[in-house]
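Note that this is a predicted model, so its numbers are computed, not measured. Chain identifiers are assigned alphabetically (A, B, ...) following the order of the sequence lines, protein sequences preceding nucleic acid strands; residue numbering begins at 1 within each chain.
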Amino acid sequence: MSDRPSVVTRFAPSPTGDLHIGGARTALFNWLYARHTGGTFLLRVEDTDRERSTPAAVEAIFRGLDWLGLKSDAEPVFQYKQADRHRAAVQQLLDKGRAYRCWMSVEELDIERTKARAEGRAIRSVWREHDAPANDKPFVVRFKGPLKGETVVDDLVKGPVRFQNKELDDLVLLRSDGAPTYNLAVVVDDHDMGVTHVIRGDDHLNNAARQTLIYQALEFAVPAFAHIPLIHGPDGAKLSKRHGAQAVGEFADMGYLPEAMRNYLARLGWGHGDDEIFSDAQAVEWFDVADVVKAPARLDWAKLNHINNHYLRLADDHRLALLVAKALEQKGESLAADGLTRLEAAIPLVKEGAKTVPELADLIAFTLKVRPLALDEKTQNLLTDETRERMQRLTEHLSAAPIWAPTEIEGQLKDFAAQEGVGMGKFGPALRGILSGGSPAPDLASTLAALGREESLGRLHDALFKATKTL
RNA sequence: GGUCCCUUCGUCUAUCGGUUAGGACACUAGAUUUUCAAUCUAGGAAGAGGGGUUCGACUCCCCUAGGGACUACCA
């Protein structure tokens with residue numbers, strides 16, 4: 001492999017909005033392939049469209065990539081800054097006779113377009129063969145594509161794709177204001193950046209043929225192309241807002257972990273045998289663009305949830321406590337002074353059941369409640385006089401417990417049940433209700449242990465002696 | 001309309017001419033049970049349709065159907 005130039009990939013988003021998960025996956029595949037081959041992963045911001053590009057979008061994209069952990073191996077390149085270089089390339093093409101000035105007006109173009117469409121051919125400019133005498137009217141520079149022959153894009157995922165050159169129109173290289181267009185800029189920049197593998201969305205497959213022609217005209221080596229399918233919504237239609245979320249920032253806000261996102265996205269449109277859950281290192285070791293699936297994949301929330309649950313289980317409790325705290329904050333709920341400590345103590349008990357961070361927050365709500373707890377109706381109904389008395393005996397029994405830890409408490413509860421000559425069902429539900437205030441909670445012994453002796457006994461005391469009877 | 005791409009369980013996928021077409025998610029049933037989960041066990045579920053090629057096609061070729069992209073002085 002050392003006799004071959006090393007692989008250079010790049011992610012080249014246009015900063016016209018948030019980083020969508022489709023783009024995120026494209027970035028991930030580029031990153032994985034670079035890491036797999038020991039190559040370089042670059043980032044380029046395609047901001048040649050001055051109207052639609054915004055600094056806010058640049059920020060959002062950088063933030064998204066950062067969150068996902070996809071670091072570029074070099075400072076990002078801003079395409080617009082290379083405009084002079086692009087113009088020089090166009091001049092070269094003009095000098096070689098591979099490009100021409102075109103004075104067609106928008107109206108003339110419209111007419112030609114409808115005509116060409118009706119005739120089932122690519123549009124052609126009348127200026128392709130004749131230059132105009134010197135004048136000061138605005139013009140664009142178009143690429144002068146060959147009229148015969150075919151161009152083959154040897155795509156790494158699709159295989160060889162053949163295009164008849166006559167079907168390819170003469171695309172605009174320089175706008176009438178002298179600004180370079182995307183199709184010219186990508187070619188020049190990818191060449192200048194030494195990109196060897198262009199891994200990008202399926203929607204560029206058609207462009208690849210025309211870009212290939214430009215590479216050849218400029219006498220640049222044509223890079224390898226890999227056009228990966230787009231991600232669709234659960235219904236198979238193009239992913240949009242109504243499918244729940246598009247931007248990676250939204251996934252972050254919804255409580256998905258970046259490592260879960262990487263695993264899920266990698267698995268969407270690519271596979272390695274039966275492996276479903278794998279580490280970044282394994283993904284890097286196994287990934288190859290050639291193995292990317294050809295068909296578009298649908299976003300499946302259930303599976304994403306499942307994978308996120310897996311990584312939630314693996315995640316450090318302190319990290320999760322901070323995430324839950326942040327989620328609560330965003331919901332406008334403030335934490336008590338010891339809130340973080342309480343969270344961290346209870347998280348290991350509930351994280352197996354959570355699919356997202358907000359779910360974790362729900363499952364853990366019981367520990368954050370402040371005394372005296374309001375008892376839900378169900379629990380109130382459970383507190384008959386008989387149960388009330390039993391609960392008082394239980395409180396005394398627990399007060400006497402020498403050690404306040406899960407296994408010991410479990411033992412205490414069993415002893416108590418035996419002592420009373422009843423099953424757990426006789427007092428378990430009531431105890432649960434009193435401790436949790438109706439919120440879901442883990443098994444009783446763990447709940448008691450997480451709450452601590454003082455808080456547990458306090459909640460029992462409140463329920464038995466303070467709570468107003470509303471019967 | 002034209003050009004190009006795509007098509008295996010509901011979903012993501014494995015298979016790279018010979019398999020009872022495998023796995024995962026989801027779903028269903030059962031077990032467990034002090035809530036919600038989690039967990040365990042079992043189960044149903046697929047090669048778009050039609051032609052070829054071949055001893056043999058999910059796999060190769062063609063046609064049809066369906067889906068998608070492009071067809072901008074957007075990227």
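Separation of the C1' atoms belonging to B/rA14 and B/rA24 is 11 Å when rounded to the nearest angstrom. Nucleotides B/rC12 and B/rC4, compared at atom C1', are 26 Å apart to the nearest Å. Separation of the C1' atoms belonging to B/rA45 and B/rA26 is 11 Å when rounded to the nearest angstrom. B/rA38 and B/rC27 have their P atoms separated by 9 Å, given to the nearest Å. A gap of 46 Å separates the P atoms of B/rG44 and B/rU3, to the nearest Å. Only the P atoms considered, B/rC62 is 12 Å distant from B/rC6, to the nearest whole Å.
For the pairing with A/Asp170, the salt bridge (Lys or Arg N to Asp or Glu O under 4.0 Å) check across A/Arg128, A/Arg101, A/Arg98, A/Arg210 returns one residue only, A/Arg128.
Set against B/rC5, B/rU7, B/rC36, the side chain of A/Asp202 has B/rC5 as its closest nucleotide. Residue A/Val293 places its side chain closer to B/rU13 than to any other of B/rC5, B/rC25, B/rU13. Minimum atom distance to the side chain of A/Arg52 is reached by B/rA75, of the listed B/rA75, B/rU34, B/rA38. The side chain of A/Asp274 sits closest to B/rG23 out of B/rU34, B/rU71, B/rG23. Across B/rC73, B/rU34, B/rG23, the shortest atom-to-atom separation from the side chain of A/Arg267 is found for B/rG23. The side chain of A/Val161 sits closest to B/rC5 out of B/rA75, B/rC73, B/rC5. You'll find that the side chain of A/Asn206 is closest to B/rC70, out of B/rC6, B/rC70, B/rA38.
Of the side-chain N and O atoms in A/Thr48, one or more sit less than 4.0 angstrom from OP1 or OP2 of B/rA75. Contact annotation: A/Lys294 reaches the phosphate of B/rC6 (side-chain N/O to OP1 or OP2, under 4.0 Å). For A/Arg313, no side-chain nitrogen or oxygen approaches OP1 or OP2 of B/rA37 to under 4.0 Å. Distances shorter than 4.0 Å separate some side-chain N or O of A/Arg175 from OP1 or OP2 on B/rC74. A sub-4.0 Å separation between OP1 or OP2 of B/rA72 and a side-chain N or O of A/Arg113 is present.
Counting non-hydrogen atoms under 4.0 angstrom, A/Leu205 reaches the backbone sugars and phosphates but no base. Among the heavy atoms of the strands lying under 4.0 Å from A/Glu352 are primed sugar atoms or P, OP1, OP2 only; no base atom is included. When heavy atoms are screened at a 4.0 angstrom cut-off, A/Arg142 is found touching the sugar-phosphate backbone but no base atom. Here A/Gly438 lies out of heavy-atom contact (under 4.0 Å) with every strand. Nucleic acid contact class of A/Lys414 (heavy atoms, under 4.0 Å, all strands): none. Within the nucleic acid shown, A/Pro442 comes within 4.0 Å of at least one base atom, counting heavy atoms only. Counting any heavy atom pair closer than 4.0 Å across all strands shown, A/His272 reaches no nucleic acid atom. Counting non-hydrogen atoms under 4.0 angstrom, A/Ile123 reaches nothing in the nucleic acid.
No donor-acceptor contact under 3.5 Å links the side chain of A/Thr181 to the base of B/rC73. Side chain A/Lys303 to base B/rA24: a donor-acceptor pair is found below 3.5 Å. Applying the 3.5 Å distance criterion, the base of B/rG2 shares no donor-acceptor pair with the side chain of A/Arg117. In terms of polar N and O atoms assigned as donor or acceptor, the side chain of A/Asn207 comes within less than 3.5 Å of the base of B/rA75 in a complementary pairing.
Nucleotide B/rU19 is matched to nothing when pairs are restricted to Watson-Crick or G-U wobble geometry with both distances under 3.5 angstrom. Across all strands shown, B/rU53 has no partner, as no Watson-Crick or G-U wobble contact with both distances under 3.5 Å is found.
Ring planes of A/Trp103 and A/Trp127: perpendicular class, angle over 60° (limits at 30 and 60°). The aromatic rings of A/Tyr256 and A/Trp301 sit tilted, their planes meeting at an angle between 30° and 60°.
When ring centroids are compared, A/His197 and A/Tyr33 come within the 6.0 Å threshold. The aromatic ring centroids of A/Phe427 and A/Phe416 lie less than 6.0 Å from each other.
Using a 3.5 Å distance cut-off with no hydrogens or angles, the side chains of A/Ser105 and A/Glu107 do pair a donor with an acceptor.
The two atoms that bring A/Ala266 and A/Leu32 nearest to each other are CB-CD1, 4.3 Å, heavy atoms only.
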